[in-house]
Every structure is written in C-alpha cells, then in structure tokens.
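Everything on this sheet refers to the single structure shown next.
In what follows, every chain begins at residue 1, and chains take the letters A, B, ... in the order their sequences are listed. The basis for the numbers below is simple: all heavy atoms, side chains too, and nothing from hydrogens, waters or symmetry mates.
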Amino acid sequence: MLASSPSSSSALSVAALLISCRSLRSLEQIHARIIRKGLEQHPVLATRFLSFCAAFSAPAYASSAFDRLSAPNLIVWNALLTAHARHSPLPTTVAVFNLLRRRSPVPPDAFTFPSLLSSCSHSVALLLGFSVHATILRCGLEADVFVRTALIDFYGKCRELGAARKLFDSMRHRNEVSWTAMIVGYLSSGDLASARSLFDEMPKRNVVTWNAMIDGYVKSGDLVSARQFFDKMPERNAVSYTSLIDGYAKAGDLASARVLFEQLPERDVFSWSAMISGYAQNGQPGAALKIFLEMYNQNIKPDEFVVVGLMSACSQLGSLTLAKWVDLYVTRSSIDLSKAHVLAALIDMNSKCGNMERAASLFESMPNKDLISYCSLMQGYSLHGAGDKAVGLFRQMLEEGLMPDSITFTVVLAACSRAGLVEEGRQYFDLMTNEHLIVPSPDHYACMVDLLGRAGRLTEAYELIRSMPVEPHAGAWGALLGACRLHGDISLGETIARKLFEIEPTNAGNYVLLSNIYAVADRWADVSELRTMMRGKGIRKVPGCTWI
DNA sequence: ATAGGGTTAG
C-alpha cells in the first residue's frame, strides 16, 4: 500500500521539473524519473506530462506514456486527444477520439470537443465536423461556451458562414474568443466588411482579435489597412509584428519588414523565419544568410521554416561549400527531414549547388517522389552540364504517371536546350500545349527560342518570337541575341539588339553581346560606336563581363 | 490537471 501511494511531495518536485523542461530529451529523462519513483499512475502528473508532450510536438511519445496508464480518467484522455489534435494527422486524432469514447470511464465532456473540432477545421473536414457536431448534441454540450466557440471556428473555417453565424447569434454568453472565431470565419472567406463590422460591434477586443484583423488585411493584400490596425492596437505581441513583417516581405517591401523586425522587442522563431524566407523569396539570398547567422549566433533553435528559407537562399547563392555546411547543420538539427518541403528544399539546395550525388541519393530515398523534387533534380543536372540526365528524369517522371505542370515544362525545355535535344524539346512543347492544355508562358517561349537558337535555327526562333500571342520578355530576345552571337548572324543580331535596347535600355549585357558579334566579324568601327552610345546613355559595363 | 490565433519548396 505504501509503495503504491508515493508521497505527494515527490510528485510535486517532478511537476516542478516539468515546468523548467526545455527539450524533448529532458522530457524523456523526466519520464524515466516518474517511472523510477513509481509516480506513473498519478493522474494529475500524467495529465501535465501529456500536455508537455503536446508542447514539444511529441504526440507519439504522449501515446506511449499514456499506454502505460492502467486506468486513465477522462481528463487524461482529453490531454492525450489534445496532444494528437495539435500534432497528428486528422485520422490519428479521430482514432484516439474513438478509443476515448469506448474506453473512458465517463462520456466525453466539454473539454473533449474543442481540440477535436480544431483538428477538423484545420483539415477543413466538413463531413467529419458535422458528425462531431451531432455527437456534441447527443452529449448535450452545445451550449458550452468553449464547445460552441470551437463549432463557430470550425464552420467559419469551412466557409459555412451561415451555420457559424446561427450558432454565434444564439449564444447566451459570448466572450472575446467567440467574437474572434466569428471574425476569423469572415476573414478566411474574404469577407472583410463583415469582419470589420463585427470587430467594431464587439464590446471588448483582445490581442488575438487585433492580430486576426491584421492577418486578414495582410492576406487580402491591403497592407495599408493592416498597418492602420497595427498602429491603433493598444498592445502588440510578436504575432502582430510577424503578420505585418510577413505581409511586407511577401509584397517585396523588405525595407519596411526590416524596420518592424528591428523594432520587435522579443523575436520568436516565427519572426526570424519571416525575415529569412522573405529575403530568400525576393532574391536576396545574401541578406537571408546574414539574418540567419545573426539568429544562429544568438543560439536560437531553428524550426523547419527557418531551415527551408536558409536552404532556399543557399540554392540561389549556388555555393557548394556553404551547401555542405548547411546540409550538415540541418541533418544534425532535430528537424524532421522526411517532411516533404524540408526534403524538397534540401534536394534543391544540393542540386543547385552541384552536389548531384547527395541530391540524387536524397531523391532516391523518397518513397513518393513528387513533381517539385523531380524539378529540383532536373534543374541541377541541367545547370551542371548533364541536360541529357535531366531529360531522362523527365521521361521517368512521365512513366511514373506524374502530371507535369507549367514549371516542370519550363525546366525540361531548358534542359533540352542545354543538351541540344531540339526535336525532343519541340515534342515536349507540343505535349504541353496539346495534351496538357497548358498555355505557354513567356518563359516557355524563351526556352524554345533558346533551344532553336542554340541549334542554329535562327529564322525559326525569330518566327516563333514574332508569332507569340503573349508579349515576349527580355529573356526571350536575349536568348535569341545570344544565339546570333553564337552563330555570327550580324543582321538579325542588330534587329534583335535594337529591340532589346528599347525593352531594357540599361542592361549592359545586351550591348556587350552585340559588340561581340561585331568584333567576331572584325567590324571594329561598329564596336567603338556602340561603346560611345553606351557612354552617352551612362551605361556601365558590368564587371566580369567580357567585351570579346 | 485539459479548451481559441500565425509562416513552408520547384
């Protein structure tokens, strides 16, 4: 009897340990201590332990600890369900809920449903949510504020605004959370006006409400209103800053994002990742890397979003040395490499930086290879002189039954061009338009122009550019000018160059190309005339770009 | 002792 009723003071000391726990590893140590001290069956301690598993995103560990309990009560069951609802796929969560229904000593209560419903709304699982709602009615829990709010949130996120509003209007006691759930519902279906009028109508708002409005405006692209809300709110937290930083970053206004980031008193991992991926997505990989290093030096643990941003920056920089360091860093971190987007970014980085062996072996390790990873690998091969391998991968992809999209075709056409596979490229262009009904973009045309031009079929390339239903961009003309230089076609080169001087008058590369065409033909007078013209327009030669 | 908000790749 004495052995099975351990002193409450040791339970208390373990509970105190839990509060200071900072990693999954120390959580495991605490679990070992709980078992050693014979406190395993302590229901309060078990509940707290499970909620810490949830905090460390370890639902499987929560389950394994839970499975050792001989007679879990409903509260412990609820804690387990919450751990899964936040971190497991919906089917797993539903399985836990079904077990709970069968095995819990008492029927589900008002604490059971909010987490289950939030899992449903996260997956926009409308039908499942309906049946959960039916269960709630059977249990007589629809009037509970938490349950009702979770229902409003669920219907709102599933864009069933009518159902959500009915539940909202018939509520006896609403709190800020219920109002916010309704507002978020309107926001997620893009009804900013209704959201705004509810916001104005509600008696008391909290930080979450303000943040929801900011996020809604950011997502709808109205950064001015988002900023007004941000400036007006009585108190801000990291989320308020990060939503707006993210908005500025996605709109390409890194300067404004940076100012807010510098003002943010307590940066969390979200704000760091907003800046890092913001810079990476706007073609400023150097700046992304600098922010990452700042974060790294502050010993902040990166999450998957940070490393995806970092790897994307590294891909753009193309440095093999850096890629090797980042690869090692990411592999050694606790980040789950099997997550699709992490793996895709890792493959892409190695591929773009020329570590094809590593890229290929990562690719081979994927159980379900997706379009994006195929594209990454194809681009790597294409970039590093193995266009034929890239095209081979594309064939393999088709055989696997994957449906290539617009970007895939851009990649494969570029690969064909590099490998000199003119006929195959043409076939793929036809396949794209005739079978996949993809309307060719300026990029696709630019690839085709490059393909034909490199093969010396300049007239055909020129005809293609002129027959384009969309406006060709500088890339297409540039490819053709490059081809003219390659094949020494002066007269076409002059025509194209004149066109390019109009479209991008300050790009020195175009002047250099034309000058090279003249030089090869010994037309030095034209070369010097061109230089004078450049000087007259104040155009500077880009360093590292040769004249001849 | 348990319950509501944020980002990700070619």
Side-chain angles (χ1 to χ4, degrees), chain A residues 15 18 42-51 54 73-83 85-86 109-118 121 144-154 157 175-181 183-184 187-188 206-216 218-219 237-247 249-250 268-278 280-281 303-309 311-312 315 339-349 351-352 370-380 404-408 410-411:
Chain A
L18 269 176
H42 194 301
V44 177
L45 195 55
T47 305
R48 187 168 289 183
F49 183 77
L50 293 185
S51 74
N73 64 21
L74 178 60
I75 298 175
V76 187
W77 270 108
N78 285 343
L80 177 71
L81 183 67
T82 303
R86 287 227 288 260
D109 66 4
F111 282 80
T112 311
F113 293 100
S115 55
L116 180 60
L117 280 170
S118 86
S121 38
D144 179 87
V145 187
F146 279 87
V147 174
R148 172 82 60 129
T149 302
L151 279 169
I152 292 168
D153 177 70
F154 163 73
K157 292 214 173 106
N175 58 23
E176 298 104 279
V177 184
S178 341
W179 283 88
T180 305
I183 288 175
V184 167
L187 291 174
S188 49
N206 63 20
V207 179
V208 180
T209 323
W210 284 94
N211 288 349
M213 290 304 292
I214 292 174
D215 187 58
V218 164
K219 292 227 167 84
N237 62 14
V239 178
S240 339
Y241 280 87
T242 306
S243 293
L244 202 51
I245 289 174
D246 218 42
K250 296 235 164 77
D268 60 9
V269 72
F270 291 111
S271 41
W272 287 97
S273 92
M275 283 312 293
I276 293 169
S277 45
Q281 280 163 20
D303 66 359
E304 50 187 294
F305 301 101
V306 169
V307 300
V308 166
M311 291 190 286
S312 153
S315 303
K339 284 205 176 176
H341 53 275
V342 179
L343 190 54
L346 191 57
I347 292 174
D348 188 55
M349 176 183 73
S351 186
K352 294 249 175 77
D370 59 4
L371 262 196
I372 288 155
S373 304
Y374 263 107
C375 282
S376 295
L377 207 57
M378 281 163 57
Q379 266 190 317
D405 65 0
S406 174
I407 294 170
T408 318
T410 311
V411 174

Figure out the CG/C1' separation between A:Leu346 and B:dA9, and round it to whole Å. 11 Å
Do the side chain of A:Ser373 and the base of B:dG10 come within less than 3.5 angstrom through a donor-acceptor pair of N or O atoms? no
When all nucleic acid strands are considered with a 4.0 Å heavy-atom cut-off, which category describes A:Asp109: base, sugar-phosphate, or nothing? nothing
Side chain of A:Asp370 only, heavy atoms from C-beta on: which candidate in B:dT2, B:dA9, B:dG10 is closest? B:dA9
Output the single nucleotide from B:dA1, B:dT2, B:dG10 whose closest atom is nearest the side chain of A:Val44. B:dA1
Distance in angstrom units between A:Ile276 CD1 and B:dG6 C1', rounded: 16 Å
Closest to the A:Gln379 side chain, choosing from B:dG10, B:dA9, B:dT2: B:dG10
Separation of atom CZ in A:Phe305 from atom P in B:dA9, rounded to whole Å: 9 Å
Measure from the side chain of A:Pro43, starting at C-beta and using heavy atoms only, and say which of B:dA9, B:dA3, B:dA1 lies closest. B:dA1
NA contact type, A:Thr408, heavy-atom cut-off 4.0 Å: base, sugar-phosphate, or nothing? base
State which of B:dA1, B:dG4, B:dA3 makes the closest approach to the side chain of A:Thr47. B:dA1
Sequence-distant partners of A:Tyr241, side-chain hydrogen bond (donor to acceptor under 3.5 Å, both in side chains), two or more places apart: none
Considering only side-chain heavy atoms of A:Thr242, which listed nucleotide, B:dG5, B:dG10, B:dG6, is closest? B:dG6
Donor-acceptor contact present, side-chain A:Thr242 to main-chain A:Val239, <3.5 Å: no
Could you give the CD1-to-P distance, from A:Ile347 to B:dG10, as a whole number of Å? 12 Å
Using whole Å, what does the distance between atom P of nucleotide B:dG6 and atom CG of A:Asp303 come to? 15 Å
Suppose we call a contact any N or O donor and acceptor under 3.5 Å apart; does that hold for the side chain of A:Asn73 and the base of B:dA1? yes
Using only heavy-atom distances, decide whether a donor-acceptor pair under 3.5 angstrom links the side-chain of A:Ser243 to the base of B:dG6. no
Counting only side-chain heavy atoms from C-beta out, which of B:dG10, B:dA3, B:dG6 sits nearest to A:Phe111? B:dA3
Separation of A:Asn78 atom CG from B:dG4 atom P, in whole Å? 12 Å
Closest contact, heavy atoms only, A:Ser315 versus A:Met349: OG-CA, 3.2 Å
Can you list everything that forms a side-chain hydrogen bond (donor to acceptor under 3.5 Å, both in side chains) with A:Asp370? Sequence neighbours excluded, please. A:Ser373
Residue A:Ile372, side-chain heavy atoms: nucleotide from B:dA3, B:dG10, B:dA1 that is nearest: B:dG10
Checking only heavy atoms, does the side chain of A:Asp153 share a donor-acceptor pair with the base of B:dG5 at less than 3.5 Å? no
Using a heavy-atom cut-off of under 4.0 Å over every strand shown, decide if A:Leu371 touches base, sugar-phosphate, or nothing. base
Could you tell me whether the side chains of A:Ser351 and A:Ser376 share a donor-acceptor contact shorter than 3.5 Å? no
For the pair made of CE in A:Met213 and C1' in B:dG4, what is the distance, rounded to whole Å? 17 Å
Please work out if A:Asn175 contacts a base, only the sugar-phosphate, or nothing of the nucleic acid, heavy-atom cut-off 4.0 Å. nothing
Can you name the nearest heavy-atom pair linking A:Phe305 to A:Ser273, along with the distance? CB-OG, 3.9 Å
Judged by modelled atom types alone, do A:Asp268 and A:Ser271 share a side-chain donor-acceptor pair under 3.5 Å? yes
Heavy atoms only, 4.0 Å cut-off, all strands: where does A:Val239 land among base, sugar-phosphate and nothing? base
Proximity to the side chain of A:Ile75 - top-ranked nucleotide from B:dA3, B:dG10, B:dT2: B:dT2
Output the single nucleotide from B:dG4, B:dG10, B:dG5 whose closest atom is nearest the side chain of A:Val177. B:dG4
Specify the separation, in whole Å, of atom CG of A:Leu187 and atom C1' of B:dG5. 11 Å
